[in-house]
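Note sheet for the following structure.
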Amino acid sequence: MGNLLQLLRKEDTNNFKLPDNVFLDFENALPVPADQELYDSVEKALTKSTGILEGLRAYSGATEPIREAIKNNDCEKSQVTAWKAVCPLVNALNTYYQYSIELDKQVVELLTVLCSEPPMESLENHQALAKQFALILDFVLAFDDLKMTNPSIQNDFSFYRRMRNRVKAYSEAEEHEVSNEVANRMSMFYAYPTPMLKMLSNSVTSFVQKNQALPLENTTDIFSTMANLCRCMIEDPQIVARFQQKETVLFVLRVMVGAIILYDHVH
């Protein structure tokens, strides 16, 4: 918690002075030629994020069929009905889980570039990549907010795992199943209240561990600098006036929160 309070001071913990009238273009930043290939790869992944959030937002669960199956434990019809109701939902949960794996790889690639230079220089030279990292942060917070407010996700998956061995004799059961290995990993993923944030934190930790020749400060400074830049932008009415969309203010605030959380996790 002390790290969080220090991070939000007017001057950060590393005593570098934030420039006046800072502006990180979260709306229109375009990649420099050297970043184009990575930018395109991350952008391809990010195009799926809206559909993921829409799917999770519409996730209604299989509460009633599961309740009936538990109530009538000896009724095969109730068991089959619940199983058929939960399988498509688990397939959707698997899609979300696989997307987290895809984002994990993209985060490592982004950090490799963003942490290769001093933070202010990096954020200035690679604004488009910084914007993409910010979009991932925003997605992570949005996904976890939806997950935390939907208990059906855990209930559905728990029922699915309990029923797997019992329904192997049911027709068409196999085509709906994910493998045992994937199911185990999904179970660990969804066990966390904030699974996407956990994934992101693990990605950052893995990046630090695999790049021990790179000073830890190169990573933490990126997060602290981004958080401070977001704060300075929001505090400056002239900068806020440059935003083309009203939603950008809230977006910048969410990015600041995400950067602070990552900073505190790694620091």
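With hydrogens and angles disregarded, no donor-acceptor distance shorter than 3.5 Å links the side chain of Ser122 to the backbone of Pro119. The closest donor-acceptor contact from the side chain of Asn228 to the backbone of Ser224 lies under 3.5 Å. The backbone N or O of Lys44 sits less than 3.5 Å from a side-chain atom of Thr47, completing a donor-acceptor pair. Judged by distance alone, with hydrogens and angles left aside, the side-chain atoms of Asp144 form a donor-acceptor pair with the main-chain N or O of Leu197 at under 3.5 Å. Side-chain atoms of Asn150 come within 3.5 Å of backbone N or O of Tyr59 as a donor-acceptor pair. Within the 3.5 Å criterion, the main-chain N or O of Ala134 finds no donor-acceptor partner in the side chain of Asp138. No donor-acceptor pair under 3.5 Å is formed between the side chain of Thr225 and the backbone N or O of Met120. Formation of a donor-acceptor pair under 3.5 Å by the Asn218 side chain with backbone atoms of Cys115 is found in this model. Side-chain atoms of Ser206 never come within 3.5 Å of backbone atoms of Asn202 as a donor-acceptor pair (strictly under, hydrogens ignored). At distances below 3.5 Å, at least one donor-acceptor pair connects side-chain atoms of Thr149 with backbone N or O atoms of Leu146.
The shortest non-hydrogen separation linking Ile66 to Asn155 is CD1-O, 4.3 Å. Listed here is the closest heavy atom pair of Lys84 and Pro88: O-CD, 3.0 Å. Summarising the geometry of Met163 relative to Trp83, their closest heavy-atom pair is CB-CE3, 3.8 Å, with the distance given to 0.1 Å. Nearest heavy-atom pair across Leu93 and Tyr190 is O-OH, 2.6 Å. Closest heavy-atom contact between Gln106 and Ala45: CG-CB, 4.1 Å. Residues Gln132 and Leu38 come closest through the heavy atom pair OE1-O, 4.5 Å.
Taking a cutoff of 4.0 Å between a charged side-chain nitrogen and a carboxylate oxygen, Lys105 and Glu109 do not qualify as a salt bridge. Ion pairing between a basic and an acidic side chain is recognised when a charged N comes within 4.0 Å of a carboxylate O; Glu54 and Arg57 show no such pairing.
One distance of note links CG of Leu111 with CD1 of Ile222; it measures 8.5 Å at 0.5 Å rounding. Taken to the nearest 0.5 Å, the CG atom of Asn94 stands 4.5 Å off from the CE atom of Met186. In this structure, CD1 on Ile52 lies 6.5 Å from OG1 on Thr95, to the nearest 0.5 angstrom. Separating the OG atom in Ser100 from the CZ atom in Arg185 is a distance of 11.0 Å, to the nearest 0.5 Å. Note that CG of Leu89 is 6.5 Å distant from OG of Ser60, once rounded to the nearest 0.5 Å. We find the CD-CD distance between Glu76 and Gln79 to be 8.5 Å, quoted to the nearest 0.5 Å.
The closest side-chain heavy-atom distance from Ile261 to Leu137 is not below 4.5 Å. Side-chain contact between Lys147 and Gln154 is present, with at least one heavy-atom pair separated by less than 4.5 Å. Pro195 places a side-chain heavy atom less than 4.5 Å from the side chain of Phe143. Counting heavy atoms from C-beta outward, Leu46 and Glu43 have side chains that approach closer than 4.5 Å. A 4.5 Å side-chain heavy-atom check between Leu24 and Gln127 finds at least one atom pair inside the cut-off. The closest side-chain heavy-atom distance from Lys48 to Glu102 is below 4.5 Å. Proximity of Thr248 to Val252: side-chain heavy atoms (C-beta onward) are separated by under 4.5 Å at one or more points. The shortest distance between side-chain heavy atoms of Asn125 and Glu117 falls below 4.5 Å.
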List the steps, then state whether side chain to side chain contact (heavy atoms under 4.5 Å, CB included) holds for Gln98 with Val182.
CA-CA 9 Å; Gln98 296 298 332; Val182 172; 4.1 Å; yes

Could you give me the CA-CA distance, side-chain angles and deciding distance for Val108 and Lys210, then say whether side chain to side chain contact (heavy atoms under 4.5 Å, CB included) is met?
CA-CA 10 Å; Val108 172; Lys210 292 179 180 179; over 6 Å; no

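If you chain together hydrophobic residues whose side chains sit under 4.5 Å apart, Ile101 and Tyr96 fall into the same group. Leu53 is connected to Val42 through a chain of hydrophobic side-chain contacts under 4.5 Å among Ile, Leu, Val, Met, Phe, Trp and Tyr, so both are in one cluster. Both Phe26 and Val240 belong to a single network of hydrophobic side chains, linked directly or stepwise wherever heavy atoms of I, L, V, M, F, W or Y lie under 4.5 Å apart. When the side chains of ILVMFWY residues are joined at heavy-atom separations under 4.5 Å, either directly or via intervening members, Tyr39 and Val32 end up in two distinct hydrophobic clusters. Cluster annotation: Leu30 is not connected to Ile136 through the hydrophobic network of ILVMFWY side chains, with a link wherever side-chain heavy atoms come within less than 4.5 Å.
Counting non-hydrogen atoms of neighbouring residues, nucleotides and ligands closer than 6.0 angstrom, the CD atom of Glu27 exceeds 12 such neighbours. The number of heavy atoms from other shown groups lying within 6.0 Å of CE (Met148) is above 12. Counting heavy atoms of neighbouring residues, nucleotides and ligands inside a 6.0 Å radius, atom CZ of Arg161 exceeds 12 of them.
Ring-plane geometry between Phe133 and Phe223 is classed as parallel, the angle between the planes falling under 30 degrees on a 0 to 90 degree scale with a further cut at 60.
A distance below 6.0 Å separates the ring centres of Tyr99 and Phe139.
Each of Phe157, Tyr192, Phe189 was scored for a ring pair (Phe, Tyr, Trp, His ring centres under 6.0 Å) with Tyr97, with one residue passing: Phe189.
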